[in-house]
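Right, one structure below, let's go through it.
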Amino acid sequence: MSDYLLKVENLKMHFPIHGGIFWRQIGKVFAVDGVSFAVKQGETVGLVGESGCGKTTVGRSILKLYTPTHGKVYFEGKNILELKRKDMQPLRRNMQMIFQDPFESLDARLTIGDIIEEPFLIHSIGNSEERIKNVKKLLNRVGISQNAINNFPHEFSGGQRQRIGIARAIALNPKLIICDEPVSALDVSIQSQILNLLLELQEEMKLTMMFIAHDLAVVKHISDHIAVMYLGKIVEYANADDLYSQPLHPYTRALISAIPVPDPSVKKKRQILSGEVPSPKDPPPGCSFHTRCPIVIDRCKIEDPFLRNMKNTSGNDHQVACHRAGEQ
Amino acid sequence: MGSAILKVKNLVTSFNTESGRIRAIDDISFELKEKQILGIVGESGCGKSVTALSIMRLLPKPSGVIESGQIMFNHTDIVDLPAEKMHEIRGNRISMIFQEPMTALNPVHRIGKQLGEIFHLHFPDMPKEKIRDESIELLQKVGIPDPESRMNEYPHQISGGMRQRVLIAIALAAKPDILIADEPTTALDVTIQSQILDLMMQLQKETGMAIIFITHALGVIAEICDDVVVMYAGKVAETSPVEHLFEDPKHPYTKGLLTSIPRLESPRKKKLSIIKGMVPSLHELPNGCRFQNRCPEAMEICKTEPPPLKRIADNHFVSCYLY
């Protein structure tokens with residue numbers, strides 16, 4: 001238990017929908033609906049799924065950027081959702097986030113030196129000389145010239161801005177970094193540079209990471225374990241290699257099959273899912289995937305499958321929420 | 001595969017910007033053959049979208065101009081075609097779909113009206129009932145369930161994937177010879193992307209039109225294209241049949257791109273090979289070959305002389321001094 005840095009239990013985040021003339025609550029968006037997982041110290045867990053599946057909301061709820069409706073988030077054994085603001089503050093330096101859009105996540109009016117110095121100021125670390133020294137060291141580490149310390153974010157390209165965002169996130173030697181689609185806005189040749197940088201930093205700093213993305217190939221490259229989300233729930237959780245080589249959930253299989261392979265000689269038979277993701281305002285009864293599932297049976301339309309533990313052929317734990325998993 | 005239906009020859013398109021004139025595409029040439037899906041791939045700023053807009057003659061005015069070169073469509077050079085003549089071609093013989101399906105549709109008009117407009121424009125004599133029937137048939141063809149009721153809906157009422165299908169329907173209304181698709185699946189989820197790719201391949205087979213498919217995703221290129229043009233900083237780096245390009249890439253940029261993408265089947269956490277540096281700004285292009293400052297195989301000549309596009313095999317052209 002103690003080797004888990006982060007443990008999430010039955011996390012729910014329901015956003016209210018207001019409407020009508022009295023602006024009363026008329027419904028809920030079930031953005032995250034009962035998500036549990038744990039991340040070991042130094043490991044990376046990948047969260048993958050399509051738009052609206054709740055992956056970003058999970059990341060933000062863990063950092064208390066939202067106040068979750070229900071559930072527990074243990075960080076180093078402490079349930080941080082119960083902590084008061086002033087007790088939370090010292091913990092925050094250990095939990096950082098890297099955002100998708102490097103154009104919006106950096107304050108346009110601050111120089112990049114100021115941006116990276118800010119975490120030191122907030123946590124009152126060092127005097128001004130030491131801080132500048134640290135900022136320069138960080139810039140160096142992420143591959144930005146120290147001479148650029150007084151430049152503004154708009155003077156940098158997308159990839160460089162993402163490096164600046166990473167420098168800010170690692171400034172205080174955090175234990176956990178949540179990366180929310182950190183490479184999806186970048187060009188292919190820049191993507192691999194940033195992925196390499198993240199892997200290097202993880203090894204150097206013994207970082208624990210949560211990597212949120214829609215691109216399964218990217219997630220698999222960087223993660224130890226992967227959770228596949230669909231409509232606010234985890235439908236499959238497994239070791240990254242196992243998830244790819246022996247997926248148990250029909251949604252995971254469809255996701256893998258939908259990824260275009262950069263090799264024209266592979267004429268794989270693609271399994272094309274019909275229909276679209278239902279609205280999280282009004283999730284279907286039973287298994288939320290049943291409306292698109294190629295192997296749906298009557299039971300799926302009534303009974304919501306639990307995420308259950310199975311042993312896969314590699315002998316590893318493998319969790320799946322499907323009534324039909326393990327049949328044959 | 002037949003003869004060329006569209007030939008782009010030595011095309012140069014430039015923009016007047018505050019900091020001077022820049023050439024977004026500089027001397028590019030390629031051919032689109034009949035019944036073919038041609039992919040144009042490259043990173044942001046490589047000029048792939050400007051190429052499409054040049055062909056459509058939809059460059060933003062007055063800053064964007066075609067400086068020189070030819071775009072031969074069925075033996076007519078459309079670069080100098082008067083506006084009225086171009087009207088007859090655009091949307092009719094050559095149509096286009098865009099990346100962002102929300103902004104490409106008009107939010108205040110119903111789907112049926114926006115689709116009917118195209119028939120009205122290109123076939124002014126078509127009676128109303130016929131337009132309606134044709135519209136419904138077209139929506140059905142692009143895989144929209146319950147097309148009759150969709151006709152009365154507004155764009156915001158349908159999902160991104162459905163909007164892209166509507167746009168494809170609009171683009172196909174006049175049965176064009178060429179469809180230009182500019183990143184049509186980039187804004188969509190993977191499972192919806194595979195639906196749209198499948199639809200486009202199926203429609204291509206049914207109608208026999210040629211498609212220019214613009215994307216940054218090499219995976220998509222490999223799945224649907226016959227030939228590929230790889231662009232870098234406003235130039236054609238390499239063009240070849242799709243199998244050659246992936247089996248035996250010649251240009252160091254193409255090689256770099258292909259090895260830098262993480263693949264599902266490759267080992268985890270292994271360092272990805274990278275292309276160092278970044279795409280140069282069009283304002284400050286390096287001398288000689290535009291890729292030279294990032295190229296692992298750069299030679300002296302690359303720093304001074306821009307390499308010409310050289311034929312190295314049937315239909316395989318590379319602009320690199322290594323060959």
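In what follows, chains carry the letters A, B, and so on, assigned in the order in which the sequence lines appear, proteins first and then strands, with residues in each chain numbered from 1.
In this structure, A/G275 and B/I192 approach most closely via the heavy-atom pair O-CD1, 3.9 Å. Taking each heavy atom of B/R294 and A/I190 in turn, the nearest pair found is NH2-CD1, 4.3 Å.
With a threshold of 4.5 angstrom between heavy atoms, A/S274 approaches chain B through N, CA, C or O but not through any side-chain atom. Heavy atoms of B/Q195 lying under 4.5 Å from chain A belong to its backbone as well as its side chain. Both the backbone and the side chain of A/D241 come within contact range of chain B, with heavy atoms under 4.5 Å apart. For B/I221, no part lies under 4.5 angstrom from a heavy atom of chain A. For a residue to count as touching a neighbouring chain, one of its non-hydrogen atoms must lie under 4.5 Å from one of that chain's; by this rule A/L273 touches chain B with backbone and side chain alike. Of the two parts of A/S189, the backbone and the side chain both hold a non-hydrogen atom closer than 4.5 Å to a non-hydrogen atom of chain B.
With hydrogens and angles disregarded, a donor-acceptor distance shorter than 3.5 Å links the side chain of A/D187 to the backbone of B/S44. The backbone N or O of B/K271 lies less than 3.5 Å from no partner atom in the side chain of A/N196, so there is not a single donor-acceptor pair.
In this structure, B/Q202 places its CD atom where more than 12 heavy-atom neighbours from other residues, nucleotides or ligands lie under 6.0 Å away. More than 12 heavy atoms of other residues, nucleotides or ligands sit less than 6.0 Å from atom CD of B/Q157.
The greatest number of non-hydrogen atom pairs below 4.5 Å with chain A, out of B/G219, B/G277, B/S273, is found for B/G219. Contact count versus chain B (heavy atoms, under 4.5 Å) is highest, among A/V277, A/D215, A/I222, A/D224, for A/D224. Residue with the most contacts toward chain B among A/G143, A/A217, A/G159: A/A217 (heavy-atom pairs, distance under 4.5 Å).
Residues A/R292 and B/T191 meet the side-chain proximity criterion, which asks for heavy atoms closer than 4.5 Å.
Distance check: B/M278 CE to A/Q160 CD gives 3.5 Å after rounding to the nearest 0.5 Å. Taking OG of A/S192 as the reference point, atom CD1 of B/I274 lies at 6.5 Å (rounded to 0.5 Å). Remark: A/I194 CD1 to B/L272 CG distance equals 12.0 Å, nearest 0.5 Å.
Applying a 4.5 Å heavy-atom cutoff, the residues of residues 255-270 of chain B that approach chain A are B/L257, B/S260, B/I261, B/P262, B/R263, B/L264, B/E265, B/S266, B/P267, B/R268, B/K269, B/K270. Using a 4.5 Å heavy-atom cut-off against chain B, the contacting residues of residues 40-50 of chain A are A/T44, A/E50. Heavy-atom neighbours of chain B within the stretch residues 199-212 of chain A, taken at a separation under 4.5 angstrom, comprise A/L199, A/E200, A/Q202. Below 4.5 Å, heavy atoms of chain A meet heavy atoms from B/V242, B/E243, B/F246, all part of residues 228-253 of chain B.
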